[in-house]
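Working notes for the structure below.
Just so it is clear, the model here is predicted, and its values are computed rather than measured.
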Amino acid sequence: MEKIQMTTPLVEMDGDEMTRILWKMIKEELLLPYIDLNTEYYDLGLVHRNETEDQVTVDAAEATKKYGVAVKCATITPNHARMDEYELKKMYKSPNGTIRAILDGTVFRAPIVVKGIEPCVRNWTKPITIARHAYGDIYKNTEFHVEKPGKAELVYTSEDGEEKRALIQEFHGPGVVMGMHNMEASIASFARSCFNYALDTRQDLWFGAKDTISKTYDAKFKEIFQRIYDEEFQDKFDAAGLTYFYSLIDDIVARVMKSEGGFIWACKNYDGDVMSDMVSSAFGSLAMMTSVLVSPNGYYEYEAAHGTVQRHYYRHLEGKETSTNSVATIFAWTGALRKRGELDGNEALAAFADKLEQAVVDTIEGGRMTKDLAVITSLKHPKVLSSRDFILAVRDTLEKLIEE
């Protein structure tokens, strides 16, 4: 087939470890043979982030504002061990957190459902979409270690000099202290994104926080959601036959486990990070979940919802074969290509994204898959493929779909 042309670039953010290896394979085998790929490339691998003191992450986020659509590989958020391993200049923050703070918006994560991979939770018969707030909280915190006895306070000084002060803790010995924040405008954008997405996808919306303990911070989330729902969305939800409700997050978790699925679960930033991993694992694999950041300003950033697969990367460096699931990374590319096609009126590009996703699903349902899926599938005698062989199998299926 003649290569599909692109009129506007995608912002391409490369990443780390095994997902970086998969990224290259996906481009070489599944994209470049079919698309005249037009991307503005940013290397968000930890080595390059260290060289630029993380400026490259900021530049990538700003480029996303310029072009509207980005696709991102999984990246390392360094801890002390990583700081030593990579000889970092400092402990850089989560690149995802940096990007989300610049773009704002909401991260929507949903499982990739295929026949033969049944959820661990038997009553989940429909996908559960996690809507994760993409700004603030622990991902934009300030923290330090306390070495000796003393007093930690939370202090706010307004522009006109008014001061608020509250005691956090009287330290009688070493400890740690952290401050975090959020913005009412960002919470409101999060709420509207969730309500609109629920209407667009015809799904109920559940939201949970912990306002009984966090009587100001979490209570503000609850208050803003309820006000926006009452003033802007209740009539629309009623007309669509949809439901919105708030409850404490522990109650929401209990309800989720007993549900059949088929709804959107709105979570604060950290809650969404944790719960999306729980949902994706229960539906089959961390590598079987889509993730897209939707900004109220019309920016879209697609990524895999899992990490860099460190253990497999070390095996790869030893020259050993790996069987790493690349599905979520492939779907990050297809999501970005489809959105680029939709925004540019490029029907061929959007249609190719659909075909590539179908090729992935057909390959797995046909019994060819990576080890993580083979150990949980209900299909008889699945064929376990290596990282590269799975991508090649998807290409073989794709070729057949294109020829039809």
Side-chain angles (χ1 to χ4, degrees), residues 11-24 41-64 70-103 107 132 134-148 150 152 168-169 171 173-181 268-274 276-277 286-287 291 293 301 303-320 322 324 328-329 332:
V11 177
E12 177 187 350
M13 307 180 198
D14 210 342
D16 287 299
E17 298 190 318
M18 197 63 208
T19 45
R20 188 182 182 96
I21 306 298
L22 298 175
W23 193 262
K24 186 171 183 290
Y41 178 86
Y42 293 86
D43 184 358
L44 267 58
L46 190 51
V47 172
H48 191 58
R49 276 187 277 147
N50 190 49
E51 290 171 352
T52 65
E53 297 189 359
D54 215 26
Q55 182 60 40
V56 66
T57 307
V58 175
D59 293 344
E62 293 297 335
T64 305
V71 58
K72 180 182 173 295
C73 184
T75 47
I76 295 169
T77 299
N79 54 18
H80 287 288
R82 296 295 206 167
M83 194 165 183
D84 294 337
E85 180 183 356
Y86 283 87
E87 298 180 347
L88 302 180
K89 298 173 186 177
K90 59 184 178 181
M91 188 88 72
Y92 300 105
K93 290 182 178 290
S94 160
N96 287 342
T98 299
I99 293 165
R100 290 166 189 157
I102 293 171
L103 299 183
V107 176
R132 175 184 172 187
Y135 177 81
D137 295 348
I138 198 170
Y139 301 88
K140 202 169 174 61
N141 72 353
T142 300
E143 58 187 17
F144 55 81
H145 180 238
V146 173
E147 291 83 11
K148 54 189 177 182
I168 297 173
Q169 178 66 22
F171 284 91
V176 288
V177 64
M178 176 178 70
M180 63 184 196
H181 77 284
K268 290 169 57 207
N269 207 346
Y270 177 76
D271 297 340
D273 192 0
V274 175
S276 64
D277 278 7
L286 287 173
S291 180
L293 170 67
E301 185 236 348
E303 61 179 332
H306 57 75
T308 58
V309 203
Q310 179 185 15
R311 181 171 55 86
H312 286 204
Y313 179 61
Y314 291 159
R315 284 182 57 85
H316 172 79
L317 292 180
E318 293 171 0
K320 298 177 181 177
T322 65
T324 313
T329 306

Open item on the list: On a heavy-atom basis, which atom in A60 and which in L44 lie closest, and how many Å separate them?
Closed with: CB-CD1, 4.1 Å
Open item on the list: Does atom CZ (F171) have a neighbourhood of more than 12 heavy atoms from anything else shown, all under 6.0 Å?
Closed with: yes
Task: Flag if over 12 foreign heavy atoms under 6.0 Å of CD, E147 - done: yes
Open item on the list: Does either side chain, that of Q310 or that of Y314, offer a donor lying less than 3.5 Å from an acceptor on the other one?
Closed with: yes
TODO: Test side chain to side chain contact (heavy atoms under 4.5 Å, CB included) on T77 and Y139 and set out the steps.
DONE: CA-CA 11 Å; T77 299; Y139 301 88; over 6 Å; no
Open item on the list: Quick one, H312 and E17 - any side-chain contact, counting heavy atoms below 4.5 Å?
Closed with: no
Open item on the list: So L293 and R100, do their side chains get closer than 4.5 Å, heavy atoms only?
Closed with: yes
Open item on the list: Would you say NZ of K24 has more than 12 non-hydrogen atoms from neighbouring residues, nucleotides or ligands within 6.0 angstrom?
Closed with: no
Task: Heavy-atom pair with the smallest gap, counting every atom of I99 and E301 - done: CG2-OE1, 4.1 Å
Open item on the list: Heavy-atom count check: over 12 atoms from other residues, nucleotides or ligands less than 6.0 Å from K140 NZ?
Closed with: no
TODO: Taking salt bridge (Lys or Arg N to Asp or Glu O under 4.0 Å) as the test, write out the residues that go with D273, two or more places apart.
DONE: R132
Task: Closest non-hydrogen atom pair, T19 against G307 - done: CG2-O, 3.5 Å
Task: Validation row: V146, F144 side chains within 4.5 angstrom (heavy atoms) - done: yes
Open item on the list: Please verify the inter-ring angle class for Y135 with H181; under 30° counts as parallel, over 60° as perpendicular, anything in between as tilted.
Closed with: perpendicular
TODO: Taking K72 for its side chain and A332 for its backbone only, find out whether a donor-acceptor pair lies under 3.5 Å.
DONE: no
Task: Minimal non-hydrogen separation, A305 against D277, with atom names - done: O-OD1, 3.8 Å
TODO: Sequence neighbours left out, what passes salt bridge (Lys or Arg N to Asp or Glu O under 4.0 Å) with D43? Give chain and number order.
DONE: R20
Open item on the list: Quick check for you: to the nearest 0.5 Å, what is the distance between L46 atom CG and E51 atom CD?
Closed with: 10.0 Å
- [ ] Look up atom OG in S276 and atom CG in D271, then write down how far apart they are to the nearest 0.5 Å.
- [x] 10.5 Å
TODO: Determine whether Y42 and T64 make a side-chain contact, defined as any pair of heavy atoms from C-beta on separated by less than 4.5 Å.
DONE: no
Task: Inter-residue atom distance Y92.OH - D54.CG, 0.5 Å rounding - done: 7.0 Å
- [ ] Taking D14 for its side chain and C73 for its backbone only, find out whether a donor-acceptor pair lies under 3.5 Å.
- [x] no
Task: Rounded distance (nearest 0.5 Å) linking atom CG of L88 with atom CD of E53 - done: 11.0 Å
- [ ] Kindly write out the residues that satisfy side chain to side chain donor-acceptor pair (under 3.5 Å) with Y86, not counting sequence neighbours, or none if the list is empty.
- [x] none
Open item on the list: Check this for me: H145, atom NE2, are more than 12 non-hydrogen atoms of other residues, nucleotides or ligands nearer than 6.0 Å?
Closed with: yes
Task: Side-chain heavy-atom pair V56, M13 within 4.5 angstrom cut-off - done: no
Open item on the list: Would you compute the distance between atom OG1 of T52 and atom NZ of K89 and round it to the nearest 0.5 angstrom?
Closed with: 8.0 Å
- [ ] Please name the residue in the list R49, H48, R82 that meets the side chain to side chain donor-acceptor pair (under 3.5 Å) test with D16.
- [x] R49
Task: Heavy-atom pair of closest approach, residues N269 and G136 - done: ND2-O, 3.2 Å
- [ ] Compare all side-chain heavy atoms of T75 with those of N96 and state whether any distance is below 4.5 angstrom.
- [x] yes
Open item on the list: Can you give me the closest heavy-atom contact between L103 and A61, atom names plus distance?
Closed with: CD2-O, 3.6 Å
Open item on the list: Rounded at 0.5 Å granularity, tell me how far CE in M178 sits from CD1 in I138.
Closed with: 4.5 Å
